[in-house]
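Since the model is a prediction, treat every value here as computed from it, not as a measurement.
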Amino acid sequence: EEVSKKLTYLFENKTPIDDEIKKDPYAFNSLFFSIPLWIIKMWAEQYGDEVTMNLLLSTQKKPTQWLACNQALCSKDSLLVDNKFVDSSLASTALSLNYNGSCTELEEVRQGKVYVQDVSMQYMLDQLNYPFQAKALHIGGISGAILTNIASKLLAKHGTVEGMYSNEKRYRRSNYLLARSWIKNAKCYLGGLSLTKTYCSYEDYDLVIVTPPNSYLGQIQRKPDIPLTLTKEDMKTIIAKEKEYLEEASKFVLKDGILVYAVRSVNLKEGKNIIDEFLKKHEDFALVDSRQIYPYEFNSDGLYYAQIRKL
């Protein structure tokens, strides 16, 4: 009742928008979209006004529920018999969910036939080459979805993948997903970045994927609290951590192997700039491919990724 009274008061006593804010499109959009002014100005400076407006509009759209088909257990065609799954051409494993409830209620999820993974990450994983008997490593895992997707791709090629998880919750989530998905060619380790070398050897992997902690500015559509808790000062610490992860991950790549850097963000300073700086310092690595996926392109997370080959 008290909340209702306060809402009624706010509705009946509307605060007019200051004329100065009306004159400044960045300030007005900051107020209208509830995105801090510094983020809007950063996007405008890096990507231009048109992309910035599209990014702001994307935060208001209902996010698509994306799932990945576990190709180790079933095919997409077998799932599409049920109209609650909708095919997507964006990735070989991608399905969107035509269902009002939670995906955790689905029998197919409990059976390990599908699991939650954003389509931008599925798209990125489809762009990679998976050699016969490849040995892969993922650093910076959260849910086990990346590990599961890679493992299913490597299964037919008799490859294996290992994953590092920084805390007990992430480690257990990943192991649970692997068990539910009947994945046998993947292994999880518990420990932070510095402990990776305890379990894994340097220059021992054909493919290393690193997904460091980042600003997650590409996930505002699903997590609107992100820009409200992130500060401009936080970015210095975040970028330093991203560079640290990339530097350490590069040590595990074999000659002619591939290093993949991926962040769920839309920020040149977390993406292209970090890769450019890394390549200037490491002449034994060369860029193969990179892309910034904006949230409005796939109605998905924003994602920057780069593939780098060790020469």
Side-chain angles (χ1 to χ4, degrees), residues 71-72 91-93 120-142 144-166 174 178 183-189 191-214 241-264 270-292 303-311:
Q71 295 177 328
S92 61
T93 50
S120 61
M121 187 61 72
Q122 294 183 59
Y123 174 89
M124 185 204 80
L125 293 173
D126 267 7
Q127 309 311 304
L128 307 182
N129 181 43
Y130 300 91
F132 183 71
Q133 293 185 335
K135 190 174 181 182
L137 172 65
H138 176 218
I139 299 172
I142 295 177
I146 292 175
L147 201 69
T148 299
N149 196 316
I150 295 171
S152 65
K153 285 174 164 55
L154 288 174
L155 195 60
K157 298 189 176 184
H158 305 282
T160 59
V161 60
E162 299 162 52
M164 285 297 303
Y165 295 87
S166 60
S174 182
L178 292 174
I183 296 291
K184 306 297 183 184
N185 60 330
K187 190 172 183 179
C188 302
Y189 303 117
L193 180 66
S194 62
L195 285 178
T196 306
K197 60 180 178 289
T198 304
Y199 301 102
C200 310
S201 300
Y202 287 158
E203 299 184 351
D204 196 35
Y205 296 87
D206 303 285
L207 174 64
V208 176
I209 298 174
V210 57
T211 53
N214 57 88
K241 181 64 70 174
E242 289 166 335
K243 291 178 180 179
E244 181 186 357
Y245 266 74
L246 179 60
E247 192 70 35
E248 182 65 15
S250 70
K251 299 173 183 177
F252 294 92
V253 188
L254 279 166
K255 184 179 180 181
D256 293 325
I258 293 291
L259 171 64
V260 180
Y261 171 83
V263 285
R264 296 175 179 87
E270 294 181 81
K272 184 179 182 299
N273 291 6
I274 285 180
I275 295 301
D276 288 347
E277 182 180 319
F278 176 85
L279 292 173
K280 285 180 182 178
K281 288 172 58 180
H282 298 273
E283 294 182 357
D284 55 334
F285 282 87
L287 184 66
V288 176
D289 180 38
S290 67
R291 178 171 177 179
Q292 174 69 65
L303 177 75
Y304 173 85
Y305 71 85
Q307 290 188 56
I308 311 167
R309 183 179 299 280
K310 187 172 182 180
L311 305 175

Exercise. Is it true that atom NZ of K187 has more than 12 heavy atoms of other residues, nucleotides or ligands lying nearer than 6.0 Å?
Worked result: no
For this session: Applying salt bridge (Lys or Arg N to Asp or Glu O under 4.0 Å), name anything that partners K184, two or more places apart in sequence or on another chain.
Result: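 Scan of K184 (salt bridge (Lys or Arg N to Asp or Glu O under 4.0 Å), adjacent residues dropped) gives none.
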Exercise. Minimum heavy-atom separation for L246 to V210, with atom names?
Worked result: CD1-CG1, 4.3 Å
Seminar exercise, completed: Separation between CD1 (I142) and OG (S166), nearest 0.5 Å, reads 8.0 Å
Exercise. Is atom NZ of K241 surrounded by more than 12 heavy atoms (other residues, nucleotides or ligands) closer than 6.0 Å?
Worked result: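 Check fails, neighbour count at 12 or below.
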For this session: Compare all side-chain heavy atoms of F252 with those of T196 and state whether any distance is below 4.5 angstrom.
Result: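 Side chain of F252 against side chain of T196, heavy atoms only: contact under 4.5 Å found.
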Exercise. Are L195 and Y189 side-chain neighbours, meaning at least one heavy-atom pair lies under 4.5 Å?
Worked result: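 In short, these two side chains do not touch, never coming nearer than 4.5 Å.
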Exercise. Roughly how far, to the nearest 0.5 Å, is OG of S290 from CD of Q307?
Worked result: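 Nearest 0.5 Å value for the CD-OG distance: 9.5 Å.
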Problem set entry | Verdict with reasoning, K310 to L259, per side-chain contact (heavy atoms from CB on, under 4.5 Å) | CA-CA 7 Å; K310 187 172 182 180; L259 171 64; over 6 Å; no
Exercise. What residues, two or more places apart in sequence or in another chain, satisfy salt bridge (Lys or Arg N to Asp or Glu O under 4.0 Å) together with R309?
Worked result: none
For this session: Would you please name every residue forming a side-chain hydrogen bond (donor to acceptor under 3.5 Å, both in side chains) with K135, sequence neighbours left out?
Result: D204
Exercise. Hey, does E203 have a side-chain heavy atom less than 4.5 Å from the side chain of V253?
Worked result: no
For this session: Applying salt bridge (Lys or Arg N to Asp or Glu O under 4.0 Å), name anything that partners K272, two or more places apart in sequence or on another chain.
Result: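 For K272 the salt bridge (Lys or Arg N to Asp or Glu O under 4.0 Å) partners, ignoring immediate neighbours, are D276.
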Problem set entry | Residues forming a salt bridge (Lys or Arg N to Asp or Glu O under 4.0 Å) with K243, sequence neighbours excluded |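 Salt bridge (Lys or Arg N to Asp or Glu O under 4.0 Å) check on K243 returns E277.
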Exercise. Any side-chain heavy atom of M164 within less than 4.5 Å of one from H138?
Worked result: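 They are not in contact (no side-chain heavy atoms under 4.5 Å apart), so the answer is no.
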Exercise. Can you name the side-chain hydrogen bond (donor to acceptor under 3.5 Å, both in side chains) partners of Y245, sequence neighbours left out?
Worked result: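 side-chain hydrogen bond (donor to acceptor under 3.5 Å, both in side chains) list for Y245, sorted by chain: empty.
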Exercise. Nearest 0.5 Å, what's the CG-OH distance between N214 and Y304?
Worked result: 13.0 Å
For this session: Taking the side chain as every heavy atom from C-beta outward, state whether I258 and N129 have any atom pair closer than 4.5 Å.
Result: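 Not touching, per the 4.5 Å side-chain cut-off.
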Exercise. Are Y199 and E162 close enough that a side-chain donor and a side-chain acceptor fall under 3.5 Å?
Worked result: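 No pair is found: no donor N or O on one side chain lies under 3.5 Å from an acceptor on the other.
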For this session: Quick one: do L193 and E244 satisfy side-chain contact (heavy atoms from CB on, under 4.5 Å)? Show the steps, please.
Result: CA-CA 9 Å; L193 180 66; E244 181 186 357; 3.8 Å; yes
Problem set entry | Of all pairs that satisfy side-chain hydrogen bond (donor to acceptor under 3.5 Å, both in side chains), the ones with a partner from residues 147-156, not counting sequence neighbours | Q117-N149, D126-K153, N149-K153
Exercise. Hey, what do you get for OG (S201) to CG (L254), rounding to the nearest 0.5 Å?
Worked result: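 S201 OG to L254 CG: 10.5 Å, rounded to 0.5 Å.
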For this session: Identify, with sequence neighbours excluded, every residue that meets side-chain hydrogen bond (donor to acceptor under 3.5 Å, both in side chains) alongside Y123.
Result: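 side-chain hydrogen bond (donor to acceptor under 3.5 Å, both in side chains) list for Y123, sorted by chain: R291.
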Problem set entry | side-chain hydrogen bond (donor to acceptor under 3.5 Å, both in side chains) against Q71, all qualifying residues, sequence neighbours excluded |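 None.
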For this session: Grab the two heavy atoms, one from L154 and one from P131, that are nearest each other, plus how far apart they are.
Result: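 Residues L154 and P131, closest heavy atoms: CD2-O, 4.4 Å.
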For this session: Please lay out, stage by stage, how L128 and L207 fare under the test side-chain contact (heavy atoms from CB on, under 4.5 Å).
Result: CA-CA 9 Å; L128 307 182; L207 174 64; 4.3 Å; yes
For this session: Answer yes or no: is there a side-chain heavy-atom contact under 4.5 Å between I209 and L125?
Result: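 With C-beta onward as the side chain, the pair touches.
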Exercise. Closest heavy-atom contact between F132 and K157?
Worked result: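 Minimum heavy-atom contact is CD1-O, 3.4 Å.
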Seminar exercise, completed: Of all heavy-atom pairs linking R264 and M121, the shortest is NH2-CE, 3.5 Å
Problem set entry | Pair listing, side-chain hydrogen bond (donor to acceptor under 3.5 Å, both in side chains) test, anchored in residues 251-263, at least two apart |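 Of all non-adjacent pairs touching residues 251-263, those that pass side-chain hydrogen bond (donor to acceptor under 3.5 Å, both in side chains) are E248-K251.
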Problem set entry | Contacts of A262 that satisfy side-chain contact (heavy atoms from CB on, under 4.5 Å) - sequence neighbours left out |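 Checked A262 against side-chain contact (heavy atoms from CB on, under 4.5 Å); matches are M124, T211, L303, Y305.
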Problem set entry | Nearest heavy-atom neighbours spanning V208 and A249 |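 Looks like CG1-O, 3.8 Å.
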For this session: Using modelled atom types only, decide if a donor and an acceptor are shared between the side chain of N185 and the backbone of G159 within a distance under 3.5 Å.
Result: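 Yes.
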Exercise. Y165 and C188: which non-hydrogen atoms are nearest, and at how many Å?
Worked result: CE1-SG, 3.8 Å
Exercise. Who pairs with L279 by side-chain contact (heavy atoms from CB on, under 4.5 Å), at least two apart in sequence or on another chain?
Worked result: I275, F285, L287, I308
